K.L.:
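Attaching a single structure in structure tokens format; questions to follow.
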Amino acid sequence: MKSFNSEEEARAAGVYISKVKSFVKREGRLTNAQARAIENNWPSMGLSIERGMLNLDEVFGRKAPTVLEIGFGMGKSLVEMAAAAPENNFIGIEVHRPGVGACLADAEEAGVSNLRVFEHDAVEVLAQCIADESLSRLQLYFPDPWHKKRHHKRRIVQPDFVQNLRSKLAIGGTFHMATDWEPYAEHMMAVMTQADGFENTSDKGDHGYVERPEYRPITKFEVRGQKLGHGVWDIIFKRVS
């Protein structure tokens, strides 16, 4: 079978390449509150991949910088960011339904109107729904590090993924990653320093990490980890071409 140097090469040749998922879908059980939050808020805050390429000005009813977060978990920090920055639009992507429900419940309670969510695979959302150069910031906080070496191929931060999201960022837009697993931080840094079109924003050199920006809330999980002596690494690269 012919080998290809990239996914784009394979697509151009009409060959489908099976993708390795960076997540394991755990359905979980919706609480009554989460189910109610989805039912009440999905019409106004939910986005479906079937909608196709989004016109963000129409989605939010205004023109504003848009921040997209991949894998928002239970959504608490995402809602906090949206509430703290009403001048920005926020889009969250999460595959786990209880997390979507929890996020919508918190958003309803906080009264935010600048947040929309997908319940879908982020790679497909980026490809089918997010226009090129439409995002000011892309966030990836505490993704699954896939600790075992044989699972490293499942890590979401890979060269092809980075180039796919690069096109979605406006020039000057940033890709902000955070992890509490140092080997994964090193992996992210290695991928990003080799990625075309990006520049490290750290003042500590090409391979430098950054301090946690004020806009990224510190989570209870993070505080607990710090008390145990665990580190957290923030990495921010800017699209320059």
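Residue numbers run from 1 in the order of the sequence given. Here the structure is a predicted model, which means the values were calculated and not measured.
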K.L.:
Heavy-atom count around Asp206 CG within 6.0 Å, excluding the residue itself: above 12?
P.N.:
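Counting neighbours around CG of Asp206, 12 or fewer heavy atoms of other residues, nucleotides or ligands fall under 6.0 Å, so no.
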
K.L.:
Any side-chain heavy atom of Cys129 within less than 4.5 Å of one from Phe118?
P.N.:
yes

K.L.:
In terms of heavy-atom contacts, does CD of Glu39 have more than 12 from other residues, nucleotides or ligands at under 6.0 Å?
P.N.:
no

K.L.:
Answer yes or no: is there a side-chain heavy-atom contact under 4.5 Å between Ser77 and Gln139?
P.N.:
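A side-chain contact is absent here, since even the closest heavy-atom pair is not under 4.5 Å.
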
K.L.:
Please confirm whether the backbone N or O of Val157 pairs with a side-chain atom of His187, one donor and one acceptor, at under 3.5 Å?
P.N.:
yes

K.L.:
Has Arg137 got its NZ or CZ under 6.0 Å from the middle of the six-membered ring of Tyr215, at an angle within 45 degrees of the ring axis?
P.N.:
yes

K.L.:
Would you name the heavy atoms of Leu169 and Leu138 that are closest together and state the gap between them?
P.N.:
CD2-N, 3.9 Å

K.L.:
CD1/Ile49 to CD/Glu119 distance, rounded to the nearest 0.5 angstrom?
P.N.:
12.0 Å

K.L.:
Quick check for you: to the nearest 0.5 Å, what is the distance between Thr219 atom OG1 and Gln226 atom CD?
P.N.:
8.5 Å

K.L.:
To the nearest 0.5 Å, what is the distance between OG1 on Thr179 and CD on Glu186?
P.N.:
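These two atoms lie 10.5 Å from each other.
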
K.L.:
Show your reasoning for whether salt bridge (Lys or Arg N to Asp or Glu O under 4.0 Å) applies to Glu222 and Arg216.
P.N.:
CA-CA 12 Å; Glu222 201 171 336; Arg216 182 175 77 75; 2.8 Å; yes

K.L.:
Measure from the side-chain N and O atoms of Asn88 to the backbone N and O of Val67, and report whether any donor-acceptor pair falls under 3.5 Å.
P.N.:
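No.
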
K.L.:
Tell me if a side-chain donor or acceptor on Glu124 pairs with a main-chain N or O of Asp121 at a distance below 3.5 Å.
P.N.:
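Side chain of Glu124 to backbone of Asp121: no pair is present.
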
K.L.:
Minimum heavy-atom separation for Asn89 and Ala64, please, with both atom names.
P.N.:
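Shortest heavy-atom contact: ND2-O, 3.5 Å.
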
K.L.:
I'd like to know if Leu135 and Val162 are part of one continuous hydrophobic network [Ile/Leu/Val/Met/Phe/Trp/Tyr, side-chain heavy atoms within less than 4.5 Å].
P.N.:
yes

K.L.:
Test salt bridge (Lys or Arg N to Asp or Glu O under 4.0 Å) on Asp234 and Arg212 and set out the steps.
P.N.:
CA-CA 6 Å; Asp234 282 81; Arg212 177 182 63 86; over 6 Å; no

K.L.:
Going by side-chain contact (heavy atoms from CB on, under 4.5 Å), Ile156 matches just one of Asp144, Ile70, Leu165. Which one?
P.N.:
Ile70

K.L.:
Quick one: does any side-chain atom of Ser202 pair with a main-chain N or O of Tyr209 as donor and acceptor, under 3.5 Å?
P.N.:
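Side chain of Ser202 to backbone of Tyr209: a pair is present.
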
K.L.:
Any side-chain heavy atom of His230 sitting closer than 4.5 Å to one from Asp180?
P.N.:
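In short, these two side chains do not touch, never coming nearer than 4.5 Å.
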
K.L.:
Out of curiosity, Leu56 CG to Thr66 OG1, how far, rounded to the nearest 0.5 Å?
P.N.:
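Nearest 0.5 Å value for the CG-OG1 distance: 4.5 Å.
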
K.L.:
Salt bridge (Lys or Arg N to Asp or Glu O under 4.0 Å) for Lys168 and Asp132? Distances and angles first, verdict last.
P.N.:
CA-CA 4 Å; Lys168 306 305 174 180; Asp132 287 351; 3.1 Å; yes

K.L.:
Could you walk me through whether Glu69 and Ile91 pass the side chain to side chain contact (heavy atoms under 4.5 Å, CB included) test, one step at a time?
P.N.:
CA-CA 6 Å; Glu69 180 166 343; Ile91 297 175; over 6 Å; no

K.L.:
Return the orientation label for the Phe237 and Phe198 ring planes: parallel under 30°, perpendicular over 60°, tilted otherwise.
P.N.:
perpendicular

K.L.:
Closest approach of Pro159 and Val191, non-hydrogen atoms and distance?
P.N.:
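What the structure gives for the nearest pair is N-CG1, 3.9 Å.
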
K.L.:
Is there side-chain contact between Leu115 and Cys103, with at least one heavy-atom pair below 4.5 Å?
P.N.:
yes

K.L.:
If you round to the nearest 0.5 Å, how far is CE of Met177 from OH of Tyr141?
P.N.:
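Answer rounded to 0.5 Å: 10.5 Å.
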
K.L.:
Does the side chain of Leu47 come within less than 4.5 Å of Val59's, by heavy atoms?
P.N.:
yes

K.L.:
Determine whether a donor-acceptor pair (N or O, by modelled atom type, separation under 3.5 Å) exists between the side chain of Asn114 and the backbone of Ala82.
P.N.:
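Confirmed, Asn114 side chain pairs with Ala82 backbone.
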
K.L.:
Between Thr193 and Met189 (side chain of the first, backbone of the second, donor and acceptor by atom type, cut-off under 3.5 Å), is there such a pair?
P.N.:
yes

K.L.:
Would you say Glu94's side chain and Phe72's backbone share a donor-acceptor pair under 3.5 angstrom?
P.N.:
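Side chain of Glu94 to backbone of Phe72, a donor-acceptor pair under 3.5 Å: yes, one is there.
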
K.L.:
With heavy-atom distances below 4.5 Å as the criterion, would you say the side chains of Val240 and Ile171 are in contact?
P.N.:
no

K.L.:
Using every non-hydrogen atom in the two residues, find where Phe90 and Met81 come nearest and quote the distance to one decimal.
P.N.:
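Here Phe90 and Met81 meet closest at CZ-O, 3.6 Å.
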
K.L.:
Does CD belonging to Glu211 count more than 12 external heavy atoms closer than 6.0 Å?
P.N.:
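No, not enclosed.
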
K.L.:
Are Leu30 and Arg97 packed together at the side-chain level, in the sense that at least one heavy-atom pair is separated by less than 4.5 angstrom?
P.N.:
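Heavy-atom side-chain distance check passes, below 4.5 Å.
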
K.L.:
Taking Arg239 for the side chain and Thr174 for the main chain, is one N or O donor matched with an acceptor at less than 3.5 Å?
P.N.:
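The answer is no, because no donor-acceptor pair under 3.5 Å joins these two groups.
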
K.L.:
What's the separation between atom CZ in Phe175 and atom CZ in Arg166, rounded to the nearest 0.5 Å?
P.N.:
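One gets 13.5 Å once the value is rounded to the nearest 0.5 Å.
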
K.L.:
Is a donor on one side and an acceptor on the other found under 3.5 Å between the side chain of Glu182 and the backbone of Gly231?
P.N.:
no

K.L.:
So with a 6.0 Å cut-off around NZ of Lys63, is the heavy-atom count from everything else above 12?
P.N.:
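Not buried by this count: 12 neighbours or fewer within 6.0 Å.
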
K.L.:
Decide yes or no on side chain to side chain contact (heavy atoms under 4.5 Å, CB included) for Leu78 and Lys76, but give the supporting numbers first.
P.N.:
CA-CA 5 Å; Leu78 178 58; Lys76 197 165 288 293; over 6 Å; no

K.L.:
Do the non-hydrogen side-chain atoms of Pro98 and Arg29 ever get within less than 4.5 Å of each other?
P.N.:
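Not in contact.
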
K.L.:
Identify the heavy atoms of Ala37 and Gly101 that sit nearest to each other, and give their distance.
P.N.:
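Distance-wise, the nearest heavy atoms are CB-O, 3.5 Å.
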
K.L.:
Could you go through Val210 and Ile235, starting from their C-alpha distance and side-chain angles, then the distance that decides it, and tell me whether this counts as side chain to side chain contact (heavy atoms under 4.5 Å, CB included)?
P.N.:
CA-CA 6 Å; Val210 299; Ile235 302 168; over 6 Å; no

K.L.:
Taking all non-hydrogen atoms of both residues, which atom of Gly172 and which atom of Lys238 are closest, and how far apart?
P.N.:
O-CG, 3.6 Å

K.L.:
Does one hydrophobic cluster hold both Met74 and Trp42, with members joined at side-chain heavy-atom distances below 4.5 Å?
P.N.:
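No, Met74 and Trp42 fall in different hydrophobic clusters.
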
